[in-house]
Amino acid sequence: MVGLRALALSLALAGPAAGAECRLALVLAMDVSSSVDAAEDTLQRRGLAAALVAPEVVEAFFAAPLPVALAVFEWSGRYNQHLLIDWRLIDSRSALRDVAATIGASKRSHNEFPTAMGYALGYGAGLIDRGPACLFKTLDMAGDGENNEGFPPEAAYAEFPFADITVNGLVVNAADYEAEIDLIEYYRREVLHGPGAFLEIAQGFDDYARAMRRKLERELRPRIMGATAPASPGGPG
């Protein structure tokens with residue numbers, strides 16, 4: 001893929017990373033492609049906001065001395081990635097509440113573009129690359145459809161700096177009934193990446209908050225260097 005490496009610099013917004021020690025750099029990527037209607041988009045924004053301040057997730061954020069660094073972006077077409085939260089060190093409950101409130105009150109940047117997952121992955125890799133130096137790095141891809149524009153996830157993993165990044169997934173299993181089973185397998189086969197990568201499944205956008213809460217709690221659980229997370233029923237395989 002000629003030129004993909006050059007995209008890394010343009011896909012992530014320029015700017016200094018927060019200079020702090022942290023145990024996890026976590027990027028949450030939210031699908032706003034045209035298959036997500038206005039009501040569904042509201043459900044996912046409110047669902048993510050609610051999940052971030054759920055008691056079990058708050059407990060997981062502060063379960064270890066080193067803090068978590070968090071960034072959030074939305075994605076759709078090739079050049080349609082929008083940063084909602086730039087790198088923020090979650091070093092207090094008030095910082096977490098502020099992030100959740102910002103996401104809950106946010107409005108989608110685009111609503112007419114297809115699903116360019118490879119470009120979204122490249123943007124996420126660039127965002128992590130300029131982020132804080134944490135012990136672990138995780139990119140979280142949530143979506144309701146397969147890649148249908150631009151290069152596929154496989155090309156993104158080959159061309160962007162993913163060597164030390166785990167990519168987890170959250171499938172919204174409701175958008176196109178005929179594609180539901182294929183979408184789950186697509187995420188398992190094409191999207192999950194790195195040691196311990198796993199998949200959570202939301203049974204429709206009404207279930208987004210529950211699935212996100214479960215996923216965040218697992219991702220935020222303190223890990224031991226060199227350890228591989230155990231597989232779960234929603235994980236690969």
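It should be emphasised that the depicted structure is a prediction, and the values quoted were computed from it without experimental measurement.
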Chemist: For residues Val68 and Cys22, determine if any side-chain heavy atom of one lies less than 4.5 Å from a side-chain heavy atom of the other.
Modeler: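 Contact flag for Val68/Cys22 side chains = no.
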Chemist: Counting only N and O atoms by type, is there a donor-acceptor contact under 3.5 Å from the side chain of Gln81 to the main-chain atoms of Phe73?
Modeler: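 Side chain of Gln81 to backbone of Phe73, a donor-acceptor pair under 3.5 Å: no, none is there.
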Chemist: How many angstroms lie between CG in Leu192 and CE in Met141, if you round to the nearest 0.5 Å?
Modeler: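 Between atom CG of Leu192 and atom CE of Met141 there are 11.0 Å.
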Chemist: Is any side-chain heavy atom of Met117 less than 4.5 Å from a side-chain heavy atom of Tyr187?
Modeler: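 Side chain of Met117 against side chain of Tyr187, heavy atoms only: contact under 4.5 Å found.
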Chemist: Assess the residue pair Val171 and Tyr186 against the criterion (side chain to side chain contact (heavy atoms under 4.5 Å, CB included)); give the C-alpha distance rounded to whole Å, side-chain angles, the decisive distance to 0.1 Å, and a yes or no.
Modeler: CA-CA 10 Å; Val171 165; Tyr186 177 84; over 6 Å; no
Chemist: In Å and rounded to the nearest 0.5 Å, what is the CG to CD distance from Asp31 to Glu74?
Modeler: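 Reported value, rounded in 0.5 Å steps: 10.0 Å.
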Chemist: Can you confirm whether Arg46 is buried at CZ, in the sense that more than 12 heavy atoms of other residues, nucleotides or ligands lie under 6.0 Å from that atom?
Modeler: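 No, the 6.0 Å shell around CZ holds no more than 12 heavy atoms from other groups.
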Chemist: Which value, rounded to the nearest 0.5 Å, describes the distance between Asp41 atom CG and Arg108 atom CZ?
Modeler: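 That separation rounds to 4.5 Å.
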Chemist: Rounded at 0.5 Å granularity, tell me how far OG1 in Thr102 sits from CG in Leu84.
Modeler: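 Between atom OG1 of Thr102 and atom CG of Leu84 there are 9.0 Å.
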Chemist: According to the interplanar angle, ranging from 0 to 90°, do the rings of His193 and Tyr157 count as parallel (below 30°), tilted (30 to 60°) or perpendicular (above 60°)?
Modeler: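 Correct class here is parallel.
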Chemist: A side-chain contact here means heavy atoms from C-beta on lying under 4.5 Å apart; do Asp98 and Arg88 qualify?
Modeler: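 In short, these two side chains touch, coming nearer than 4.5 Å.
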Chemist: Apply side chain to side chain contact (heavy atoms under 4.5 Å, CB included) to the pair Arg78 and Phe113, showing each step before the final yes or no.
Modeler: CA-CA 8 Å; Arg78 296 187 186 204; Phe113 292 99; over 6 Å; no
Chemist: Before accepting this row, confirm whether a basic side-chain N of the pair Asp86/Arg130 lies closer than 4.0 Å to the acidic partner's carboxylate O.
Modeler: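 Looking at Asp86 and Arg130, the cut-off is met.
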Chemist: Could you give the distance from CD (Glu219) to CZ (Phe136), rounded to the nearest 0.5 Å?
Modeler: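 CZ of Phe136 is found 13.0 Å from CD of Glu219.
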Chemist: Are Arg188 and Glu185 close enough for a salt bridge, meaning some N to O gap below 4.0 Å?
Modeler: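 Result for this pair is yes, salt bridge flagged.
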Chemist: Just wondering, are more than 12 heavy atoms of other shown residues or ligands nearer than 6.0 Å to CD in Glu154?
Modeler: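 Incorrect, the count does not exceed 12.
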Chemist: Count the heavy atoms of every other residue, nucleotide or ligand shown that sit under 6.0 Å from CD of Glu59, and state whether that count exceeds 12.
Modeler: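 At most 12 heavy atoms, drawn from other residues, nucleotides or ligands, come within 6.0 Å of this atom.
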Chemist: What are the two closest heavy atoms between Gly77 and Ala116, and how far apart are they?
Modeler: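 Smallest interatomic distance, heavy atoms only, reads C-CB, 3.5 Å.
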Chemist: Is the side chain of Arg210 donor-acceptor paired with the backbone N or O of Gly47 at a distance under 3.5 Å, no angle test?
Modeler: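 Not a single qualifying donor-acceptor pair exists.
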Chemist: Give a yes or no on whether the backbone of Gln203 and the side-chain of Asn173 come within a donor-acceptor separation of less than 3.5 Å.
Modeler: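 Answer holds: no.
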Chemist: Picking from Leu183, Ile201, Asp144, what satisfies side chain to side chain contact (heavy atoms under 4.5 Å, CB included) with Val172?
Modeler: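 When Leu183, Ile201, Asp144 are each tested with Val172, the side chain to side chain contact (heavy atoms under 4.5 Å, CB included) holds only for Asp144.
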Chemist: Heavy atoms, side chains only, cut-off 4.5 Å: are Val32 and Asn80 in contact?
Modeler: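 Side-chain contact under 4.5 Å: no.
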Chemist: Taking it one step at a time, do Leu96 and Phe62 satisfy side chain to side chain contact (heavy atoms under 4.5 Å, CB included)?
Modeler: CA-CA 10 Å; Leu96 186 55; Phe62 302 105; 4.3 Å; yes
Chemist: Please report the shortest heavy-atom distance between Ala25 and Trp87, naming the atom on each side.
Modeler: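 Minimum heavy-atom separation between Ala25 and Trp87: CB-CH2, 3.7 Å.
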Chemist: Heavy atoms, side chains only, cut-off 4.5 Å: are Val53 and Val57 in contact?
Modeler: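 Of all side-chain heavy-atom pairs linking Val57 with Val53, none is under 4.5 Å.
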Chemist: Between Leu139 and Ala29, what is the shortest heavy-atom contact and its length?
Modeler: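 What the structure gives for the nearest pair is CD1-CB, 4.4 Å.
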Chemist: Look up atom CG in Asn168 and atom OG1 in Thr138, then write down how far apart they are to the nearest 0.5 Å.
Modeler: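 Reported value, rounded in 0.5 Å steps: 6.0 Å.
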Chemist: Would you say Asp91's side chain and Pro67's backbone share a donor-acceptor pair under 3.5 angstrom?
Modeler: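 No, the answer is negative, given that no donor and acceptor are paired below the 3.5 Å cut-off.
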Chemist: Return yes if some donor-acceptor pair links the side-chain N/O of Trp75 with the main-chain N/O of Leu121 below 3.5 Å, else return no.
Modeler: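 Answer holds: no.
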Chemist: Using modelled atom types only, decide if a donor and an acceptor are shared between the side chain of Arg23 and the backbone of Leu220 within a distance under 3.5 Å.
Modeler: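 It does hold such a pair.
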Chemist: Test side chain to side chain contact (heavy atoms under 4.5 Å, CB included) on Leu26 and Leu216; report intermediate values, then the result.
Modeler: CA-CA 10 Å; Leu26 177 61; Leu216 286 171; 4.0 Å; yes
Chemist: For a 4.5 angstrom cut-off between non-hydrogen side-chain atoms, does Ile128 reach Phe162?
Modeler: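 Result no, sub-4.5 Å side-chain heavy-atom pair not found.
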Chemist: Going by the angle between their ring planes, with limits at 30° and 60°, are Tyr208 and Phe205 parallel, tilted or perpendicular?
Modeler: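 Correct class here is parallel.
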Chemist: If you look at every heavy atom in Pro152 and Asn147, which pair is closest and at what distance?
Modeler: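 Looking at all heavy atoms of both residues, the shortest contact is CA-ND2, 3.9 Å.
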